[in-house]
Amino acid sequence: MTCTEGWSSCNGFFLLILSLLAIAFNLTPLIADYVEDGRLFVSPISCYEWWLPGLVGGGLLVLPAVSMTLAARKKGSCNSRGGMLASALLSVFSIIGAVYCTIISLFAVAKGPLICETGSNELSSCDYTLANLSSNSFKELRFDLAWLLNTTCLPRVDPAITAAQGIIHERDLSIELNEDTQKIIHITVFVALAIIGLVEALVAISQAVAGLFGFICGTSKRRQSQYA
C-alpha cells in the first residue's frame with residue numbers, strides 16, 4: 001500500500017465518522033420536535049434544522065467520497081489511478097457540503113432558536129429564501145449569544161394585567177416552559193455541526209490532494225498491474 005492509499009484510508013474513516021455524527025446531530029432537534037407534540041413541520045426548535053445542514057451538507061454530500069475512498073483500499077478497480085482521481089473529484093462535493101453545513105450552523109448559532117428569533121415557535125414564522133444566507137446577512141450576524149445569556153427571549157407580561165384581561169395562551173405557556181431545553185438543544189446541535197462541517201472540509205481537502213497524488217503517482221505496484 002502506497003502512502004496515498006493509506007492517506008486516503010484515514011481520510012475515508014474520518015469522513016465516515018464525521019458524516020454519521022452530522023446526521024445524528026441534525027436528527028436530534030427533529031426528533032425533539034416530534035417527541036414534544038407528536039408532529040413534524042409544526043413547532044421546530046429552529047428554522048435552520050430544516051435547512052438540513054447535517055443530513056444533506058455534512059451527511060449525504062460527503063458519503064459518495066467516503067464510499068469511493070474506502071473502496072480504494074480493496075483489491076478492485078477502485079484501487080487505481082482512475083479510482084484515486086474519482087475520490088478527489090467526489091471530495092469536491094464533500095467540501096461543498098461541509099461548507100454548507102458550517103455556514104447554516106453559524107447562522108443558527110448567531111440567531112438562536114426560533115422563539116428567540118421571532119418570539120414564536122410556529123414553522124410559518126420561518127423564512128427559507130436564499131436572501132437569508134446572503135453575504136450582507138452574514139455580516140449583520142452577532143455572535144454575542146445574547147439569546148442564550150438572557151433569562152428569557154419572551155416579552156415579560158405583568159401577571160396581574162394578564163389575569164385581569166383573561167389572556168392566558170396555552171401555546172405561549174408551553175413555549176416558556178420549554179425555552180431552556182430548546183436553547184440547550186439548539187446551541188449543542190449547531191455548534192457541533194459547525195465544528196463537524198469545518199473538520200469535514202479540512203479532511204475533504206486533504207483527500208482531494210491525496211487523490212490527485214494517487215492519480216499522478218499511481219497506486220501500489222501489485223494492484224496497479226491488475227487494475228491500473
Side-chain angles (χ1 to χ4, degrees), residues 1-29 46 48-74 78-111 130 132-135 137-139 141-145 185-220:
M1 179 181 288
T2 63
C3 60
T4 55
E5 292 172 77
W7 186 1
S8 294
S9 298
C10 291
N11 288 336
F13 281 118
F14 273 120
L15 285 175
L16 177 61
I17 293 171
L18 291 169
S19 62
L20 293 178
L21 285 174
I23 292 172
F25 273 110
N26 200 159
L27 287 175
T28 299
S46 169
Y48 294 97
E49 68 194 54
W50 288 108
W51 285 84
L52 303 179
L55 279 170
V56 176
L60 297 180
L61 288 178
V62 174
L63 290 178
V66 171
S67 60
M68 179 58 71
T69 301
L70 294 180
R73 300 176 63 248
K74 301 180 179 180
C78 293
N79 185 261
S80 62
R81 292 177 185 268
M84 296 300 285
L85 179 61
S87 71
L89 295 177
L90 289 174
S91 293
V92 175
F93 292 99
S94 299
I95 295 169
I96 294 172
V99 170
Y100 172 79
C101 180
T102 302
I103 290 175
I104 296 296
S105 299
L106 289 177
F107 269 91
V109 170
K111 294 193 174 183
L130 292 178
N132 269 345
L133 304 180
S134 65
S135 58
S137 297
F138 190 81
K139 291 178 182 178
L141 293 180
R142 298 176 60 187
F143 294 94
D144 55 6
L145 299 182
I185 293 175
H186 183 89
I187 191 69
T188 302
V189 166
F190 288 106
V191 166
L193 286 176
I195 295 172
I196 289 171
L198 180 60
V199 176
E200 278 184 333
L202 295 176
V203 177
I205 292 172
S206 173
Q207 178 51 35
V209 173
L212 288 176
F213 272 108
F215 172 70
I216 295 171
C217 302
T219 55
S220 55

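Note that the coordinates shown come from a computational prediction; the quantities given were computed from them, not determined experimentally. Computed over heavy atoms, backbone and side chain alike; hydrogens, waters and symmetry mates excluded.
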Result of checking L63, I196, L55 against S19 for side-chain contact (heavy atoms from CB on, under 4.5 Å)
L63
If you compare all heavy atoms of A208 against all heavy atoms of A88, which two are closest, and at what distance to 0.1 Å?
O-CB, 3.6 Å
Determine whether V199 and F14 make a side-chain contact, defined as any pair of heavy atoms from C-beta on separated by less than 4.5 Å.
no
To the nearest 0.5 Å, what is the distance between CG (L90) and OG (S67)?
7.0 Å
Measure from the side-chain N and O atoms of S206 to the backbone N and O of L202, and report whether any donor-acceptor pair falls under 3.5 Å.
no
With respect to P53, which candidate in F25, F107, F190 satisfies the side-chain contact (heavy atoms from CB on, under 4.5 Å) definition?
F190
Between V66 and G12, what is the shortest heavy-atom contact and its length?
CG1-O, 3.9 Å
Measure up the W51 and Y48 rings against each other and bin them: parallel (under 30°), tilted (30 to 60°), perpendicular (over 60°).
parallel
Once rounded to the nearest 0.5 Å, what's the spacing between atom CG of L60 and atom OG of S94?
11.0 Å
Here the pair of heavy atoms bringing A201 nearest to A98 is N-CB, 3.5 Å
Other residues, nucleotides, ligands: >12 heavy atoms within 6.0 Å of Y100 OH:
yes
Do L52 and I104 have side chains that approach each other closer than 4.5 Å (heavy atoms only, starting at C-beta)?
no
Within the side chain of H186, is there an N or O that forms a donor-acceptor pair under 3.5 Å with the backbone of P29?
no
Taking all atoms of both residues into account, what is the closest heavy-atom pair of A210 and N11, and its distance?
CB-ND2, 4.3 Å
For M68 and A86, work out which heavy atoms get closest and say how close.
CE-CB, 3.9 Å
If we only count heavy atoms from C-beta on, is the T188 to T28 side-chain gap below 4.5 Å?
no
Correct closest heavy-atom pair for L193 and A22 would be CD2-O, 3.5 Å
Within the side chain of T102, is there an N or O that forms a donor-acceptor pair under 3.5 Å with the backbone of L198?
yes
From I96 atom CD1 to S91 atom OG, the distance as rounded to the nearest 0.5 Å
11.0 Å
Between L16 and L70, is a side chain to side chain contact (heavy atoms under 4.5 Å, CB included) present by the stated rule, with each step listed?
CA-CA 9 Å; L16 177 61; L70 294 180; 4.3 Å; yes
To the nearest 0.5 Å, how far apart are SG in C101 and CG in N26?
7.5 Å
Under the side chain to side chain contact (heavy atoms under 4.5 Å, CB included) rule, what do E49 and V189 come out as? Steps first, then yes or no, please.
CA-CA 9 Å; E49 68 194 54; V189 166; over 6 Å; no
Which value, rounded to the nearest 0.5 Å, describes the distance between L15 atom CG and Q207 atom CD?
7.5 Å
Any donor and acceptor pair, going by atom type alone, linking the side chain of R81 with main-chain N or O of I216 inside 3.5 Å?
yes
